[in-house]
Amino acid sequence: MSLLTFAKIAWAVGVVSWYVLRIPFERKAKRQRVADARHRNLREMILLSISTLGLGIIPAIYAATGFPRFASYPPTVLQVVAGVVVFAGSLLLFWRTHRQLGKYWSVTLEIKDKHELITSGVYQKVRHPMYSAFFLWGLAQALLLPNFIAGPAGLIGFGILFFFRVGREEQMMREAFGAEYDAYARRTRRVIPGIY
Ligand SMILES: C[S@@+](CC[C@H](N)C(=O)[O-])C[C@H]1O[C@@H](n2cnc3c(N)ncnc32)[C@H](O)[C@@H]1O
């Protein structure tokens, strides 16, 4: 098997693992009644579509067909090994964030019935560890797919979702939790502990 084929398979295994890992949490979260869905709107759907394009559709087309071929370059062993390690770290972080958010998790922005603010564990130092995990996934994609378009598409697609969503998510949390969220925001960063 060539290094390129191995890298593409590693990327696909990572994506499928993420999908499978999420199934039980998705079921659990769906059972919880939604108290505030004001922020679940067309803008959110467009942002989610852009993210899916970058993290799923563009790399899947590249992995299956090699398109766009002109933007491809030969991968190195170090790059592929780093990609596998980063994807594994991303999946571990996903699992931990899902376990901690539990029934309060949602794909879009919403507040559940009797929603509680989680501030411990992976939520102790950063307010958006699940988004940190998505950025790690994007980085793993850039390392595993040696193509100047399909590789960075995940970081760009998810980056657009993140930067247009994060302020609104924090505003929604502030409205729901008031001073408790303000205090939490003061002692944490968004996605990188101690930095941002
Ligand atoms: C896709 S999840 C992402 C959560 C968080 N931004 C993260 O990156 O870990 C979005 C939902 O999680 C919920 N949420 C976000 N931060 C939370 C927290 N610290 N405690 C409880 N629920 C939270 C919000 O209700 C939001 O609709």
Side-chain angles (χ1 to χ4, degrees), residues 14-15 17-56 86-87 89-141 154-196:
V15 177
S17 306
W18 168 80
Y19 185 79
V20 171
L21 180 152
R22 231 169 74 149
I23 293 172
F25 298 106
E26 205 160 355
R27 286 205 184 123
K28 195 170 164 188
K30 271 190 184 149
R31 286 200 291 268
Q32 189 72 5
R33 255 198 64 223
V34 176
D36 181 359
R38 274 177 302 153
H39 302 266
R40 196 170 57 189
N41 51 29
L42 180 64
R43 178 195 154 106
E44 268 292 303
M45 295 307 141
I46 292 171
L47 290 175
L48 281 168
S49 305
I50 293 171
S51 180
T52 306
L53 195 66
L55 285 170
V86 174
F87 219 145
S90 157
L91 291 173
L92 180 66
L93 189 54
F94 265 122
W95 180 74
R96 292 191 62 185
T97 55
H98 270 295
R99 275 200 61 141
Q100 276 206 262
L101 273 190
K103 58 190 178 185
Y104 305 131
W105 172 78
S106 53
V107 179
T108 56
L109 298 184
E110 53 192 38
I111 296 291
K112 301 285 177 83
D113 216 16
K114 301 192 182 89
H115 203 121
E116 283 174 22
L117 183 65
I118 309 291
T119 61
S120 61
V122 282
Y123 283 84
Q124 198 179 345
K125 290 201 161 56
V126 289
R127 304 192 282 286
H128 306 286
M130 194 175 289
Y131 298 158
S132 313
F134 271 111
F135 276 120
L136 286 177
W137 169 351
L139 180 61
Q141 178 180 321
L155 282 173
I156 296 168
F158 181 72
I160 292 172
L161 168 80
F162 175 80
F163 286 106
F164 281 97
R165 177 194 264 191
V166 73
R168 290 161 70 93
E169 178 166 340
E170 292 186 349
Q171 185 56 33
M172 177 189 80
M173 299 300 282
R174 203 161 269 122
E175 281 169 24
F177 297 100
E180 191 187 357
Y181 192 79
D182 283 334
Y184 175 54
R186 272 197 298 276
R187 62 176 190 270
T188 51
R189 298 288 182 151
R190 278 181 163 160
V191 283
I192 308 172
I195 296 174
Y196 173 76

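Residue indices begin at 1 and follow the sequence shown. Just follow the structure's listing: the first ligand is 1, and inside any ligand the first atom is 1.
- In terms of N/O distances under 3.5 Å, ligand 1 is approached by E169.
- Under a 4.0 Å criterion applied to the non-hydrogen atoms of E116, ligand 1 contributes the atoms 20 (N), 21 (C).
- A donor-acceptor pair under 3.5 Å links the side-chain atoms of S132 to the main chain of V191, judged by distance alone.
- Ligand 1 places these atoms under 4.0 Å from at least one heavy atom of Y123: 7 (C), 9 (O), 19 (N).
- Using modelled atom types, one finds no donor on one side chain facing an acceptor on the other under 3.5 Å when comparing Q171 with Y181.
- Heavy-atom contacts of S106 reach the following atoms of ligand 1: 1 (C), 2 (S), 10 (C), 11 (C), 26 (C), 27 (O) (cutoff under 4.0 Å).
- Side-chain atoms of V166 and H128, non-hydrogen and from C-beta on, do get closer than 4.5 Å to each other.
- In summary, the atoms of ligand 1 found under 4.0 Å from a heavy atom of L117, numbered by their order in the structure, are 18 (C), 19 (N), 20 (N).
- Ligand 1 has at least one atom lying under 4.0 Å from a heavy atom of H115.
- With H98 as the fixed residue, the ring pair (Phe, Tyr, Trp, His ring centres under 6.0 Å) test singles out one of W18, Y123, Y104, W105: W105.
- Close contacts of ligand 1 with M172, meaning ligand atoms under 4.0 Å from a residue heavy atom, involve 24 (C), 25 (O), 26 (C), 27 (O).
- Residue T108 places a heavy atom less than 4.0 Å from ligand 1.
- When hydrogens are left out, the protein atom nearest atom 13 (C) of ligand 1 is Y104 O, 3.9 Å; that is the closest non-hydrogen contact.
- For F158 and F135, the ring centers sit closer than 6.0 Å to each other.
- Polar contact check, W105 against ligand 1: no nitrogen or oxygen pair lies under 3.5 Å apart.
- Near M173, the atoms of ligand 1 lying under 4.0 angstrom from a non-hydrogen atom of the residue are 14 (N), 15 (C), 16 (N), 17 (C), 18 (C), 22 (N), 23 (C), 24 (C).
- Residues T188 and V126 are not in side-chain contact: their nearest non-hydrogen atoms beyond the backbone lie 4.5 Å or more apart.
- Salt-bridge annotation for E170 and R190: present, with a side-chain N of the basic residue lying under 4.0 Å from a carboxylate O of the acidic one.
- Near L109, with a cut-off below 4.0 Å to any heavy atom, the atoms of ligand 1 are 27 (O).
- Using a 4.0 Å cut-off between charged side-chain N and carboxylate O, R38 and E175 make a salt bridge.
- Note: an N/O pair closer than 3.5 Å links E110 and ligand 1 by distance alone.
- For E26 (side chain) and V107 (main-chain N/O), no donor-acceptor pair under 3.5 Å exists by modelled atom type.
- Although no hydrogens or angles enter the test, the distance criterion places no donor-acceptor pair under 3.5 Å between the side chain of E180 and the main chain of L117.
- In this structure, L101 counts as a contact residue of ligand 1, since one of its heavy atoms falls inside 4.0 Å of the ligand.
- Checked against a 3.5 angstrom limit, the closest N/O atoms of Y184 and ligand 1 fall outside it.
- Note: an N/O pair closer than 3.5 Å links I118 and ligand 1 by distance alone.
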